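Worksheet: one structure, shown below.
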Amino acid sequence: MSRQHLDNLDLKILEMLSSNARKPFLEIARETGVSGAAIHQRIQKLTASGVIEGFETILDPSTMGFETCAYIGIILNDPTKFNEVVARLEEIPEVVECHFTTGAYDIFAKIYASNNKHLLDVIHNRLSLGIGRTETLISFKEVFKRPMPIGTKKND
């Protein structure tokens, strides 16, 4: 996807939606001083161009019974099996993120489990996919999470 040119109105819309994806278009229009139709068109343009990939509902994992959050660094026996391992990871519902990385790991994944016993089961019984070894980091608590910075990037 090529980099998109975004004007100040686009950036303001993205800033508002990234902090509250359910913000009504008319409220965005009032705050930006443009018509609701113009906001609707801009959001359609941002979606069609791939800048906005979608909107999501964010759940609190602990209220859903997932008390353990872990990050797993995965080192593959055979790096050419990357796509095969990723496809298998996609079949494990507890794996909620998967990244191809530089550094010590071939893959870095985020996992939610109901408790440490469940996490151990996922690692030992369902991650045996041609993986050489793993390193697991358990998150005690998410301190903060925020959307990516919209208006603070440097222009090239």
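This is a predicted model, so every value here is computed, not measured.
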same_hphob_cluster(V51, I28) at 4.5 Å side-chain heavy-atom cutoff: yes
Can you see which heavy atom on V96 is nearest to which on P93, and at what distance? CG1-O, 4.2 Å
Mind running side-chain contact (heavy atoms from CB on, under 4.5 Å) on L14 and I52 for me, showing each step along the way? CA-CA 8 Å; L14 292 171; I52 295 176; 3.7 Å; yes
For atom CG of N125, is the number of surrounding heavy atoms from other residues, nucleotides or ligands below 6.0 Å larger than 12? yes
N/O donor-acceptor pairs under 3.5 Å from side chains in residues 137-147, not counting sequence neighbours:
none

A side-chain contact here means heavy atoms from C-beta on lying under 4.5 Å apart; do N115 and E67 qualify? no
Check for me, please, whether F66 and V122 land in the same ILVMFWY cluster - side-chain distances under 4.5 Å, paths through other members count. no
Indicate yes or no: at least one non-hydrogen side-chain atom of I92 is less than 4.5 angstrom from one of I111. no
State whether D106 and K81 are salt-bridged, where the test is any N-O pair (Lys NZ or Arg NE/NH1/NH2 against Asp/Glu carboxylate O) under 4.0 Å. no
Can L76 be reached from Y105 by stepping across I, L, V, M, F, W or Y side chains whose heavy atoms are under 4.5 Å apart? no
Quick check on the hydrophobic clustering: are L11 and F55 connected, directly or via other members, by side-chain heavy-atom contacts under 4.5 Å? yes
Do you know the tightest heavy-atom contact between K110 and C69? CE-SG, 3.7 Å
Can you pull out every side-chain hydrogen bond (donor to acceptor under 3.5 Å, both in side chains) where at least one residue sits in residues 88-98? Sequence neighbours excluded, please. E94-H118, E94-R126, E97-H99
So how far is it from H5 NE2 to D7 CG, rounded to the nearest 0.5 Å? 6.0 Å
So which atom in K23 and which in L17 form the shortest heavy-atom distance, rounded to 0.1 Å? O-CD2, 4.3 Å
Minimal heavy-atom distance between F25 and I39, with the atoms involved, is O-CG2, 3.9 Å
Quick check: closest heavy atoms across I150 and E15, and the distance to 0.1 Å? CG1-CA, 3.9 Å
Is V95 linked to I72 within one hydrophobic cluster, defined over Ile, Leu, Val, Met, Phe, Trp and Tyr using a side-chain heavy-atom separation of less than 4.5 Å? yes
Sub-4.5 Å side-chain heavy-atom contact between T136 and L119: yes
One should read off an interatomic distance between L127 CG and I123 CD1, to the nearest 0.5 angstrom, of 6.5 Å
Taking all atoms of both residues into account, what is the closest heavy-atom pair of D10 and K45, and its distance? OD2-NZ, 3.2 Å
Rounded to the nearest 0.5 Å, what separation is found between the CD atom of E31 and the CD1 atom of I13? 11.5 Å
Apply side-chain contact (heavy atoms from CB on, under 4.5 Å) to M16 and T32, showing your working. CA-CA 10 Å; M16 288 182 195; T32 57; 3.7 Å; yes
